[in-house]
Asker: 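Pasting a structure below so you can have a look.
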Amino acid sequence: MRDSTVLVTGGGKGLGRAFAEALGKAGARVFITGRDASALEETAEKLNTDGILVEPLCADVVDSGAMKDVVARIMEISGRLDVLVNNAVDPGPVGPTADIDFDAWWRAQQVNVAGPLISAQAALAVMIPAGRGRIINLVSPAGIKRWPYATAYSVSKAALLKLSENLAAELRSTGITVLSYNPGMVDAGLTRAGMRFAGNTDDPWLDRLGRWAIEARDSGAFVPLDTAVDCLVRLASGDADVLSGYVINAEDDLDARISDREAGSR
Ligand SMILES: NC(=O)c1ccc[n+]([C@@H]2O[C@H](COP(=O)([O-])OP(=O)(O)OC[C@H]3O[C@@H](n4cnc5c(N)ncnc54)[C@H](OP(=O)(O)O)[C@@H]3O)[C@@H](O)[C@H]2O)c1
């Protein structure tokens, strides 16, 4: 990833932080965004101390002006933007959809669907003229399977998956690829936070979610963090560009999928 510049939204915490660290270790210059300035500073400081080049830029993904400013700042500092990792997320409200708080539900759509679109538009303004670029949209099993009682998250991730497919088709002749990446359930970020609700909340739906996540972990359904991170780095480095438009799962046999696709397109 030497000479590559990568933007990871929501890169100050959770999986985004692990992605930023691994991309930096692979040689990329990494910019991380989020709303929490102190978390961004703390992450950047820690990683820079470890010799990893990471720079924090505070911005809300639903703020189009702020995301344009982020890209302008990256161009000023680095002169290029090769990869956008749309990682920031709002987990949304949990409970029966029939009486879920609409404003919280809608906020999750804004952050999880409009956010990646706004970030992609800001990035594409420099990627299209450069004739190269890569956009990786973080999806989830929740957007692939049904995920009752967490419909804000589930519906938003399903929508993001379709955004990736359509954008990839529109950008086919531009040198820019778009992938949906499903890291699987990982003991990090929102899944780890969810597990903490089990037995620690008066909200029966959050308690249920926490217990269910713990059951999934204990039954071996989780993906190891290293597996999720290593696959993301491979996608960011361009290994799977031939799969533009598709969903990549962390535990896929990526080499086999690439070979199958290459054989199909010959
Ligand atoms: N953890 C898992 O098991 C898992 C499984 C499948 C998919 N994923 C996907 O992986 C990605 C990362 O998830 P995670 O578990 O690491 O989540 P997380 O720990 O909740 O982190 C969310 C990140 O998004 C940022 N964020 C939230 N709202 C934002 C906004 N409006 N503008 C800018 N940044 C915002 C947060 O930073 P601030 O608070 O500073 O804004 C934080 O850095 C998500 O797309 C998620 O759907 C995770």
Side-chain angles (χ1 to χ4, degrees), residues 7-22 30-44 54 56-67 69-70 84-92 94 104 106-119 122 135-145 147 150 152-161 163-164 179-197 209-210 212-214 216-217 221-229 231-232 235 247-251:
L7 167 59
V8 182
T9 66
K13 302 173 184 168
L15 271 181
R17 178 179 168 138
F19 294 153
E21 180 173 4
V30 184
F31 290 82
I32 54 174
T33 62
R35 297 157 304 166
D36 179 348
S38 59
L40 288 170
E41 293 289 346
E42 188 269 315
T43 294
V54 171
L57 295 170
C58 211
D60 189 317
V61 280
V62 300
D63 182 340
S64 169
M67 290 313 296
D69 288 347
V70 162
L84 164 66
V85 181
N86 271 321
N87 167 84
V89 71
D90 181 330
V94 172
W106 187 241
R107 172 76 188 162
Q109 310 313 309
Q110 289 174 315
V111 175
N112 303 349
V113 187
L117 171 63
I118 286 167
S119 305
I135 297 174
I136 302 171
N137 291 323
L138 264 292
V139 296
S140 159
I144 298 167
K145 303 173 187 166
W147 216 260
Y153 183 61
S154 175
V155 169
S156 69
K157 290 294 172 179
L160 182 55
L161 206 150
L163 178 66
S164 305
L179 294 165
S180 288
Y181 175 48
N182 167 28
M185 286 179 81
V186 182
D187 186 2
L190 54 79
T191 298
R192 183 177 289 178
M195 288 190 290
R196 284 198 205 107
F197 288 124
L209 177 89
W212 170 78
I214 289 170
R217 181 196 63 194
F222 274 23
V223 172
L225 179 62
D226 284 353
T227 305
V229 167
C231 185
L232 183 279
L235 304 187
V247 181
I248 313 293
N249 306 290
E251 292 194 309

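Heavy-atom basis, side chains included; hydrogens, waters and symmetry copies ignored. When a ligand or atom number is given, it counts from 1 through the structure's own listing order. When a residue number appears, it is its place in the shown sequence, counting from 1.
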Asker: What distance separates Leu15 CG from Asp187 CG, expressed to the nearest 0.5 Å?
Answerer: 10.0 Å
Asker: Val70 and Ala59: which non-hydrogen atoms are nearest, and at how many Å?
Answerer: CG2-CB, 3.6 Å
Asker: Can you tell me which portion of Arg107 lies within the under-4.0 Å heavy-atom range of ligand 1? Options are side chain, backbone, both, or neither.
Answerer: side chain
Asker: Hey, does Val186 come in under 3.5 Å of ligand 1, counting only N/O atoms on both sides?
Answerer: yes
Asker: Ignoring hydrogens and geometry beyond distance, is a side-chain donor-acceptor pair present between Ser38 and Asp36 at under 3.5 Å?
Answerer: yes
Asker: Which is closest to atom 34 (N) of ligand 1 in terms of heavy atoms, Ala88, Ala228, Ala39?
Answerer: Ala88
Asker: For Thr9 and Thr33, work out which heavy atoms get closest and say how close.
Answerer: CA-OG1, 3.1 Å
Asker: Could you tell me, atom by atom, which parts of ligand 1 come under 4.0 Å of a heavy atom of Gly14?
Answerer: 16 (O), 19 (O)
Asker: Taking it one step at a time, do Asp60 and Arg107 satisfy salt bridge (Lys or Arg N to Asp or Glu O under 4.0 Å)?
Answerer: CA-CA 12 Å; Asp60 189 317; Arg107 172 76 188 162; 3.5 Å; yes
Asker: Heavy-atom contacts with Gly189 under 4.0 Å: which atoms of ligand 1 show up? List them by number with element.
Answerer: 14 (P), 15 (O), 16 (O), 19 (O)
Asker: Verify whether one side chain among Asn112 and Asp90 offers a donor that lies under 3.5 Å from an acceptor in the other.
Answerer: no
Asker: Hey, is ligand 1 close enough to Asn182 that some N/O pair sits below 3.5 Å?
Answerer: no
Asker: What part of Ala193, side chain, backbone, both or neither, has a heavy atom within less than 4.0 angstrom of ligand 1?
Answerer: neither
Asker: Run the numbers for me: atoms of ligand 1, each under 4.0 Å from some heavy atom of Asn87, listed by number.
Answerer: 10 (O), 11 (C), 12 (C), 44 (C), 45 (O)
Asker: Going by the order shown, which atoms of ligand 1 are within less than 4.0 Å of some heavy atom of Val139?
Answerer: 6 (C), 7 (C)
Asker: Checking a contact table here: which protein heavy atom is nearest atom 5 (C) of ligand 1, and how many Å away?
Answerer: Gly184 O, 2.9 Å
Asker: Taking only heavy atoms of Pro183, which atoms of ligand 1 are found under 4.0 Å from at least one of them?
Answerer: 6 (C), 7 (C), 8 (N)
Asker: May I ask you to identify, for Lys157, whether its side chain, its backbone, both or neither come under 4.0 Å of ligand 1 on a heavy-atom basis?
Answerer: side chain
Asker: Checking the N or O distance criterion of under 3.5 Å, is ligand 1 in contact with Gly10?
Answerer: yes
Asker: Determine whether Leu138 and Pro183 make a side-chain contact, defined as any pair of heavy atoms from C-beta on separated by less than 4.5 Å.
Answerer: yes
Asker: Check Ala188 against Leu225 and note the closest heavy-atom contact, atom names and distance.
Answerer: CB-CD1, 4.4 Å
Asker: Compare all side-chain heavy atoms of Lys157 with those of Val89 and state whether any distance is below 4.5 angstrom.
Answerer: yes
Asker: Please tell me if the side chains of Leu163 and Leu160 come closer than 4.5 Å, counting only heavy atoms from C-beta onward.
Answerer: yes
Asker: Do you know the tightest heavy-atom contact between Ser164 and Leu179?
Answerer: OG-O, 4.2 Å
Asker: With a cutoff of 4.0 Å, is Thr33 in contact with ligand 1, counting heavy atoms of the residue only?
Answerer: no
Asker: Report yes if Val61 has an N/O atom closer than 3.5 Å to an N/O atom of ligand 1; otherwise report no.
Answerer: yes
Asker: Hey, does Gly34 come in under 3.5 Å of ligand 1, counting only N/O atoms on both sides?
Answerer: no
Asker: Could you tell me how the ring of Trp212 sits relative to the ring of Trp147: parallel (under 30°), tilted (30 to 60°) or perpendicular (over 60°)?
Answerer: perpendicular
Asker: Between Tyr153 and Ala108 (side chain of the first, backbone of the second, donor and acceptor by atom type, cut-off under 3.5 Å), is there such a pair?
Answerer: no
Asker: Of the protein's non-hydrogen atoms, which lies at the shortest distance from atom 1 (N) of ligand 1, and what is that distance?
Answerer: Ala188 O, 3.1 Å
Asker: Among all protein heavy atoms in this structure, tell me which lies nearest to atom 41 (O) of ligand 1, with the distance rounded to 0.1 Å.
Answerer: Arg35 NE, 2.6 Å
Asker: List every atom of ligand 1 that sits less than 4.0 Å from any heavy atom of Ala59, numbering the atoms from 1 in the order shown and giving each element.
Answerer: 32 (N), 33 (C)
Asker: How far is atom 2 (C) of ligand 1 from the closest protein heavy atom, and which atom is that?
Answerer: Thr191 OG1, 3.2 Å
Asker: Can Ile135 and Asn86 be said to form a side-chain contact (heavy atoms from CB on, under 4.5 Å), step by step?
Answerer: CA-CA 7 Å; Ile135 297 174; Asn86 271 321; 3.9 Å; yes
Asker: Using distance alone, decide if ligand 1 has a nitrogen or oxygen within less than 3.5 Å of any nitrogen or oxygen in Asn86.
Answerer: no
Asker: Considering heavy atoms of the protein only, find what lies nearest to atom 13 (O) of ligand 1 and give residue, atom and distance to 0.1 Å.
Answerer: Val89 CG1, 3.9 Å
Asker: Return yes if some donor-acceptor pair links the side-chain N/O of Ser180 with the main-chain N/O of Val247 below 3.5 Å, else return no.
Answerer: no
Asker: Hey, which atoms in ligand 1 end up nearer than 4.0 Å to a heavy atom of Met185?
Answerer: 3 (O)
Asker: For the residue pair Gly16 and Val8, what are the closest heavy atoms and their distance?
Answerer: O-CG1, 3.9 Å
Asker: Give me the atom names and distance for the closest heavy-atom approach of Phe19 to Asn87.
Answerer: CE1-OD1, 3.6 Å
Asker: Give the atom numbers and elements of ligand 1 that come within less than 4.0 Å of a heavy atom of Asp36.
Answerer: 38 (P), 40 (O)
Asker: N/O to N/O below 3.5 Å, does that happen between Leu190 and ligand 1?
Answerer: yes
Asker: Can you report which non-hydrogen protein atom sits closest to atom 47 (O) of ligand 1, along with the distance?
Answerer: Tyr153 OH, 2.6 Å
Asker: Is there a polar contact, in the sense of an N or O pair closer than 3.5 Å, between Asp90 and ligand 1?
Answerer: no
Asker: Which residue and atom name correspond to the protein heavy atom nearest atom 48 (C) of ligand 1, and how close is it?
Answerer: Leu15 CD1, 3.5 Å
Asker: Considering only the protein, which heavy-atom contact is closest to atom 39 (O) of ligand 1, and what is its distance?
Answerer: Lys13 NZ, 2.8 Å
